[in-house]
Amino acid sequence: MFLPNNIMVTGGAGFIGSNFIHYLFNNPDFQGRVINVDSLTYAGNLENLTEIAASVGEKRYFFEKADICDGELMEALFKKYEVDAVIHFAAESHVDRSIYGPQEFIRTNIMGTFALLEASRKSWAGRKDVLFHYVSTDEVYGSLGETGYFYEDTSFDPRSPYSASKASAEHLVKSYFHTYGLPVTVSNCSNNYGPYHFPEKLIPLMVANAMEAKPLPIYGDGKNVRDWLYVEDHCTAISAIVNRGVRGEVYNIGGESEKNNLEVVHTICEVLEELYPLKDNPVVKEVSPGLGAYEELVTFVKDRPGHDRRYAVNCDKIKKELGWSPGTDFPSGLRKTIQWYIDNPGWVENIRSGEYKKWLEKNYDSR
Ligand code: NAD
Ligand code: TYD
């Protein structure tokens, strides 16, 4: 049984939020309603939810185009839908963008979380049968060397405007638990990958670029390490926390799949050659007929400023206390992801031909 009935999913039109909505409606234990609150920034894409809107209909799925920073509107939505849980995904989420323009990160990630917390506190007025779940990141813990892991009690040491804004909001969420008794839970997860991932992040960018015979830009020496979590496993982890997690507690979520960026890109090129061989790729034939292997597209570029070297989370707590573990290993998760991008070229094309193209041309010319 999935406990809350009326779940406000903020950022539900983004990558993880839309996967979470799919996950909920594919789960027969969930019989409640979802209110997707999203302002549709460049990263919000209602195409991610076309099937849900069609299959679930208007009785259990609602979309509200709204800015989480608008506290009055959030309160009105709480009332309108009798919200009893918030799963808070909405954020500016890309480190590179936070370097080019941090302001929106401060506004949405900090002020937006504050506005939602206030709306929750006022609307729920001391109720204990409700939940505010904050989707945080392992990046709040900083950067690791070659060994060691982030634990739930590791001190915060954020290095980018993105991670600093997420850390700041996480502090606020915890303060509402201690000060006002607001029932909250927090999860700090590692790098997600899977369907509907916006093609500005490493994995979808490399897949989409390779399919179009474009350069695969590797920052620095390519030896930075991330722990990769298949997005569906992230959804099952959040579900476990919402249903069984102790209020006021923090849970790390990881994929137990540490890879450096060069390894990731190398594997993408290998799998792509198997699933979408160069010889059958019409774009390659047209724009780069001499290309001998996807790997030849790898291009080393200037490093990201303040580039965190390694992230790795220890997720023993959620495993032991809530019985969760990541169900998808990296090779099979990556294969499913690449197949999804091969099967959905229109989804990428729609993104790449619009506002995002203009932004790229403006900001990435120098690379
Ligand atoms: P995303 O960028 O794909 O989606 C973010 C969504 O939030 C978009 O639909 C956007 O329109 C919406 N949004 C942005 N500003 C808003 C505002 N002011 N009001 C309402 N909606 C707004 O992000 P994602 O990758 O799906 O990440 C979701 C959450 O998970 C974020 O909080 C992020 O920090 C966290 N997280 C992501 C990862 C990852 O690997 N992607 C890892 C750890 C944590
Ligand atoms: P990214 O997907 O942006 O996630 P995060 O910075 O939040 O971990 O980047 C993942 C890793 O890939 C990170 O070490 C930066 C690197 N990277 C590249 O080398 N080239 C790229 O074009 C991008 C987007 C990322």
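Remember, it's 1-based here, ligands and their atoms both numbered in the order they're listed.
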With a 4.0 Å heavy-atom cut-off (strictly under), which part of [X] contacts ligand 2: side chain, backbone, both or neither?
{"X": "Val95", "value": "side chain"}
{"X": "Glu200", "value": "backbone"}
{"X": "Asp308", "value": "neither"}
{"X": "Asn191", "value": "side chain"}

request  = With the side chain counted from C-beta on, respond yes when Asn224 and Tyr219 share a heavy-atom pair under 4.5 Å apart, and no when they do not.
outcome  =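 No, too far: nothing below the 4.5 Å cut-off.
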
For ligand 2, find out whether one of its N or O atoms is nearer than 3.5 Å to an N or O atom of [X].
{"X": "Met206", "result": "no"}
{"X": "Glu139", "result": "yes"}
{"X": "Leu202", "result": "yes"}
{"X": "Asn224", "result": "no"}
{"X": "Asp96", "result": "no"}
{"X": "Arg304", "result": "yes"}

task = Tell me, please, which residues at least two apart from Glu295 pass side chain to side chain donor-acceptor pair (under 3.5 Å).
result =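 Partners of Glu295 under the side chain to side chain donor-acceptor pair (under 3.5 Å) test: His266.
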
key: Nearest neighbour in protein (non-hydrogen) for atom 15 (C) of ligand 2   =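 In this structure, atom 15 (C) of ligand 2 has His307 NE2, 3.4 Å as its nearest protein heavy atom.
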
query = Can you tell me which residue and heavy atom of the protein come closest to atom 19 (O) of ligand 2, and the distance to 0.1 Å?
reply =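 Protein heavy atom at minimum distance: Tyr219 N, 2.9 Å.
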
ask   = Are any of the heavy atoms in Tyr162 under 4.0 Å away from ligand 2?
value =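 Tyr162: no contact with ligand 2 (<4.0 Å).
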
Distance-only donor-acceptor check, side chains [X] and [Y], under 3.5 Å:
{"X": "Asp233", "Y": "Trp324", "result": "no"}
{"X": "Glu118", "Y": "Tyr176", "result": "yes"}
{"X": "Asn36", "Y": "Tyr61", "result": "yes"}
{"X": "Tyr193", "Y": "Arg226", "result": "no"}
{"X": "Asp316", "Y": "Tyr149", "result": "no"}

Quick one: table the atom pairs, ligand 1 N or O against protein N or O, below 3.5 Å, distance rounded to 0.1 Å.
| unit_1 | atom_1 | unit_2 | atom_2 | d |
| --- | --- | --- | --- | --- |
| ligand 1 | 2 (O) | Ser93 | OG | 2.6 |
| ligand 1 | 3 (O) | Phe15 | N | 3.0 |
| ligand 1 | 9 (O) | Gly14 | N | 3.0 |
| ligand 1 | 9 (O) | Asp38 | OD1 | 3.4 |
| ligand 1 | 9 (O) | Asp38 | OD2 | 2.5 |
| ligand 1 | 11 (O) | Asp38 | OD1 | 2.6 |
| ligand 1 | 11 (O) | Thr41 | N | 3.0 |
| ligand 1 | 11 (O) | Thr41 | OG1 | 3.1 |
| ligand 1 | 18 (N) | Asp67 | OD1 | 2.9 |
| ligand 1 | 18 (N) | Thr108 | OG1 | 3.0 |
| ligand 1 | 19 (N) | Ser39 | OG | 3.4 |
| ligand 1 | 19 (N) | Ile68 | N | 3.0 |
| ligand 1 | 21 (N) | Ser39 | N | 3.1 |
| ligand 1 | 21 (N) | Ser39 | OG | 3.4 |
| ligand 1 | 23 (O) | Ser93 | OG | 3.2 |
| ligand 1 | 26 (O) | Phe15 | N | 3.3 |
| ligand 1 | 26 (O) | Ile16 | N | 2.8 |
| ligand 1 | 32 (O) | Phe89 | O | 2.8 |
| ligand 1 | 32 (O) | Lys166 | NZ | 2.6 |
| ligand 1 | 34 (O) | Tyr162 | OH | 2.6 |
| ligand 1 | 34 (O) | Lys166 | NZ | 3.1 |
| ligand 1 | 40 (O) | Asn192 | N | 2.9 |

key: side-chain contact (heavy atoms from CB on, under 4.5 Å) assessment of Arg107 paired with Glu104   = CA-CA 5 Å; Arg107 197 187 81 85; Glu104 204 50 28; 3.1 Å; yes

task = Check each of Phe25, Phe20, Tyr23 against Phe30 using the ring-ring contact (aromatic ring centres under 6.0 Å, His included) test, and report the only one that passes.
result =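 Exactly one option meets the ring-ring contact (aromatic ring centres under 6.0 Å, His included) with Phe30, and it is Phe25.
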
inquiry  = Going by ring-ring contact (aromatic ring centres under 6.0 Å, His included), Phe198 matches just one of Trp347, Tyr42, Phe15. Which one?
reply    =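 For Phe198, the ring-ring contact (aromatic ring centres under 6.0 Å, His included) check succeeds only for Tyr42.
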
query = Step by step, would you call Asn109 with Glu92 a side-chain contact (heavy atoms from CB on, under 4.5 Å)?
reply = CA-CA 7 Å; Asn109 299 4; Glu92 286 296 330; 4.0 Å; yes

